[in-house]
S.K.: 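Can you read through this structure? Questions will come right after.
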Amino acid sequence: MRTQIAAANWKMNLTLQEAQTLLDNILKQTDNIGENRKVIFAVPACYLTVANEKIANTSNVFVAAQNVYSKKSGAFTGELSVTMLKSINVNYAVIGHSERREYFNESNQFLADKVKICLEENITPIFCCGEALPVREVNQQNDFVTRQLEESLFSLSAEEIQKVIIAYEPIWAIGTGKTASSDQAQEMHAHIRTQIGRKYGEAVADGISILYGGSVKASNAKDIFGKPDVDGGLVGGSSLIADEFVPIIKALK
Ligand code: 13P
């Protein structure tokens, strides 16, 4: 079975003290995550080291950066490189979240460079894709997501793409309380897997974890994660509340 993943995306939230309390709370309730499952915390950059210390004695729990730059070093004030992440033992990075695409104009091509540089440093990219409401309203979501995959991922080799985690996050469901139905999630996840299969073959497509993101909550996680092509979730708001995120972890297949 594919690895099942509950990933928290804290976005730009929590003070250091709040972050520490939240992690302590979640970790003490999830000491046995189980084989074939992972929990990943995408925390603000300034908490990466602290979060890594907190998870030091756990198994199957990891820390991720929420973003990384497309170059390894240089005069890029304010940016964070894969080399830096590696040097503090961070092995995952969220790439292409819709908020970065929208507010920081990150293009598919730019994201292709980020994915590539992550893989060069053995950092697992959690690559986000997903359509906005106007695209869904005219039923163009499949073509839209296909294009995101083609332009950001499909220049990778088969060996490289197997190391990528994909997160499908329909923008209209992010932070809105409006979740895609589990059938809508399944439909898109199956579509993504088919596109990967078309390019790289079924065996490669079958091995890639595809997470759903967008208003995942304790109350809907089981239904969504239960779908055959949904391999867990990338969770925003509900990952900031231990009583929400712990049941989400437990809802993994
Ligand atoms: P919400 O869970 O708050 O809708 O956010 C989803 C998300 O953007 C995770 O990356």
Side-chain angles (χ1 to χ4, degrees), residues 4-14 18-19 22-23 26 38-45 47-48 51 62-68 80 90 92-106 111 114-115 118 123-133 135-136 141 144-145 148-149 152 164-182 184-186 188-189 192 209-225 227 230-252:
Q4 304 295 303
I5 301 168
N9 179 6
W10 287 357
K11 309 191 180 184
M12 198 178 72
N13 290 298
L14 307 174
E18 288 166 344
L22 177 62
L23 264 185
I26 294 169
K38 283 183 183 173
V39 176
I40 303 175
F41 293 95
V43 307
Y47 306 154
L48 285 167
F62 305 89
V63 164
Q66 295 178 9
N67 180 33
V68 74
L80 199 66
V90 169
Y92 293 82
V94 177
I95 301 293
H97 191 280
S98 60
E99 288 147 19
R100 296 220 53 93
R101 292 174 184 265
E102 184 178 349
Y103 306 134
F104 303 97
N105 297 319
E106 296 195 356
L111 297 173
K114 290 189 176 198
V115 168
C118 280
I123 288 174
T124 302
I126 302 170
F127 175 78
C128 303
C129 57
E131 80 288 352
L133 190 57
V135 176
R136 173 136 316 236
Q141 65 273 12
F144 185 87
V145 170
Q148 291 181 317
L149 299 173
S152 297
V164 176
I165 296 168
I166 295 175
Y168 168 60
E169 301 204 310
I171 297 169
W172 46 273
I174 294 178
T176 57
K178 211 191 272 176
T179 323
S181 69
S182 54
Q184 283 174 317
Q186 166 58 26
M188 178 58 84
H189 284 223
I192 292 170
S209 299
I210 308 177
L211 317 185
Y212 168 79
S215 299
V216 174
K217 306 184 264 260
S219 58
N220 60 24
K222 195 120 205 153
D223 177 33
I224 298 170
F225 297 174
K227 294 290 174 184
V230 179
D231 306 308
L234 179 56
V235 186
S238 297
S239 74
L240 300 169
I241 306 161
D243 286 349
E244 281 286 319
F245 195 56
V246 169
I248 289 171
I249 297 170
K250 294 190 171 157
L252 289 173

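Atoms within each ligand, like the ligands themselves, are counted from 1 in listed order.
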S.K.: Rounded to the nearest 0.5 Å, what's the gap from CZ on Phe62 to OG1 on Thr124? Could you check?
M.R.: 9.0 Å

S.K.: Among protein heavy atoms, which lies nearest atom 3 (O) of ligand 1, and at what distance?
M.R.: Gly237 N, 2.8 Å

S.K.: Can you name the atoms of ligand 1, numbered from 1 with element, that are less than 4.0 Å from a heavy atom of Glu169?
M.R.: 6 (C), 7 (C), 8 (O), 9 (C), 10 (O)

S.K.: Please identify which atoms of ligand 1 are closer than 4.0 Å to at least one heavy atom of Gly236.
M.R.: 1 (P), 2 (O), 3 (O), 5 (O), 6 (C), 9 (C)

S.K.: Starting from atom 5 (O) of ligand 1, what is the nearest protein heavy atom, named by residue and atom, and what distance separates them?
M.R.: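 Looking at atom 5 (O) of ligand 1, the protein heavy atom closest to it is Lys11 NZ, 3.3 Å.
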
S.K.: With the side chain counted from C-beta on, respond yes when Pro44 and Gln66 share a heavy-atom pair under 4.5 Å apart, and no when they do not.
M.R.: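 A side-chain contact under 4.5 Å exists here.
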
S.K.: Which pairs would a plain distance check flag for residues 239-246, meaning a side-chain donor or acceptor within less than 3.5 Å of a matching protein atom at least two apart in sequence or in another chain?
M.R.:
from, atom 1, to, atom 2, distance (Å)
Ser239, OG, Val235, O, 3.1
Ser239, OG, Gly236, O, 2.7
Glu244, OE1, Ala218, N, 2.8

S.K.: Indicate yes or no: does an N/O atom of Thr176 lie under 3.5 Å from an N/O atom of ligand 1?
M.R.: no

S.K.: Number the atoms of ligand 1 from 1 as they appear, then name those within less than 4.0 Å of a heavy atom of Ile174, with their elements.
M.R.: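 Counting atoms of ligand 1 from 1, those under 4.0 Å from Ile174 are 4 (O), 5 (O), 6 (C), 8 (O).
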
S.K.: Show the atoms of ligand 1 that are less than 4.0 angstrom away from any heavy atom in Gly214.
M.R.: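 Every atom of ligand 1 under 4.0 Å from some heavy atom of Gly214: 4 (O), 6 (C).
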
S.K.: Can you tell me if Ala173 contacts ligand 1 (heavy atom of the residue under 4.0 Å from the ligand)?
M.R.: yes

S.K.: Counting heavy atoms only, which part of Asn9 comes closer than 4.0 Å to ligand 1: side chain, backbone, both or neither?
M.R.: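 Answer for Asn9: side chain.
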
